2 protein chains.
Amino acid sequence: MVSDSSSPIEFSLDVKSGVPYYKQIILQVEMAIADGRLTKGTKLPTVRALAVDLSINPNTVARAYGEMEIRNIVVTQQGSGTFISDKEISLDAVERERILTEITRSYISKASSYGFTLEELIRHIGELGCEVALKEDT
Amino acid sequence: MVSDSSSPIEFSLDVKSGVPYYKQIILQVEMAIADGRLTKGTKLPTVRALAVDLSINPNTVARAYGEMEIRNIVVTQQGSGTFISDKEISLDAVERERILTEITRSYISKASSYGFTLEELIRHIGELGCEVALKEDT
DNA sequence: CACATTGTACTAGTAGATTAGTACAATGTC
DNA sequence: GACATTGTACTAATCTACTAGTACAATGTG
């Protein structure tokens, strides 16, 4: 049974970037959600289909999908496929706070090692936030 | 010839943290600078002395010192030792801006993937910033 | 139930990061 | 100049992240 074989979005991999394939997949899904190209309930390509399309191993795609499911970005169901999560991120308040503290502390630590001040950080977040474009990750 | 064997600050390693030893050393120096325990020109423990103190290999300490020298946090001189840098971080304005943009964009990207808002980020930085006590010696 | 389609589990190979072992080079002190 | 003290260079062992190979399990469809 051949359903719609066209992917909801175009995936691509930058081999030379040094960024792991599975992270690149996650990032592209996140960006597509952020700018509206992917909406709630949309079905992602199957593990095998995307693996063939990108010429990588199915497990690598599965890993990307798996991590996104942990973050409640997608929902997976055997036999059906992987879909953009219907519900909003459902982290409870405690877990949410813990994660935010963790990544923020990491950010401040790195920034301070370069000698940046708090004022600079907050100013920059304000400026970059206006772009809303979520481009890179490390 | 035994000079003053007391270290300017106390170093310690968390073996279970998963954070590389050399990074822990760097972080502890950065924190000490941030809260004033280490000041410009202060001599750090010698590579060997700190290695013995922490029961690790001298090269691991050397790597920490080496990375800090690249960031202009410290200055090393063979025969003399390693000292907290006299001069301020000497990144030119352009490079400085580029680095701040890079790490900030990465932070916003990661945070947004968890659904955090800009307001939450800025609020958190304000709160955590007080703990970390960033250096404000502009 | 039969079979295709979907995600998953398990293992192994590869590459890079981290740390240690050992020896060397540069500098300071007398 | 002799010698101790300092950082450094080079190699190897070890560990972990990442990816692939292969086979399996769960679900949907007729």
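In what follows, every chain begins at residue 1, and chains take the letters A, B, ... in the order their sequences are listed. Since the model is a prediction, treat every value here as computed from it, not as a measurement.
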Is it true that, when you exclude Gln77(A) itself, more than 12 heavy atoms of the residues, nucleotides or ligands shown sit nearer than 6.0 Å to its CD?
no

Determine, using the 4.5 Å side-chain heavy-atom cutoff (strictly less than), whether Val15(A) and Phe11(A) are members of one ILVMFWY cluster.
yes

Proximity to the side chain of Arg48(A) - top-ranked nucleotide from dC18(D), dG7(C), dT8(C):
dG7(C)

Quick one: is Ser80(B) getting a side-chain N or O under 4.0 Å of the dA26(C) phosphate, OP1 or OP2?
no

Quick one: which of dT6(D), dT8(D), dT8(C) gets closest to the side chain of Glu69(B)?
dT8(D)

Regarding the side chain of Val47(B), the nearest nucleotide among dT27(D), dC18(D), dT8(D) is dT8(D)

Measure from CD1 on Ile26(A) to P on dA17(D) and round the result to the nearest Å.
15 Å

Do Pro8(A) and Leu38(A) have side-chain heavy atoms sitting under 4.5 Å apart?
yes

Does anything in residues 54-65 of chain A come within less than 4.0 Å of DNA chain D? Heavy atoms only, and list the residues if so.
Ile56(A), Asn57(A), Asn59(A), Thr60(A), Arg63(A)

Just to confirm, is there a sub-4.0 Å distance from OP1 or OP2 of dG7(C) to any side-chain nitrogen or oxygen of Thr82(A)?
yes

Leu100(B) side chain reached by Leu121(A) side chain, heavy atoms, under 4.5 Å
yes

What is the distance, to the nearest angstrom, from the CD atom on Gln78(B) to the P atom on dT29(C)?
15 Å

Separation of atom CG in Leu50(B) from atom C1' in dT5(D), rounded to whole Å:
16 Å

Which residue lies toward the 5' end of DNA chain D, Pro20(A) or Gln77(A), if each is placed at its nearest nucleotide?
Pro20(A)

Any side-chain heavy-atom pair of Ser85(B) and Val75(B) under 4.5 Å:
yes

Using OP1 and OP2 only, check whether a side-chain N or O of Lys23(A) sits under 4.0 Å from dA17(D).
no

Tyr21(A) side-chain N/O to dC18(D) phosphate OP1/OP2 under 4.0 Å:
no

Considering all heavy atoms, the nearest Leu44(B)-Met68(B) contact
CD1-CE, 4.3 Å

Throw together a table of side-chain donor-acceptor distances under 3.5 angstrom for residues 55-67 of chain A, partners on residues two or more places apart or in other chains.
{"from": "Asn57(A)", "atom 1": "OD1", "to": "Asn59(A)", "atom 2": "N", "distance (Å)": "2.8"}
{"from": "Arg63(A)", "atom 1": "NH2", "to": "Tyr22(A)", "atom 2": "OH", "distance (Å)": "3.4"}
{"from": "Tyr65(A)", "atom 1": "OH", "to": "Pro45(A)", "atom 2": "O", "distance (Å)": "2.8"}

Rounded to whole Å, how long is the line connecting atom CG of Leu13(B) with atom P of dT18(C)?
14 Å

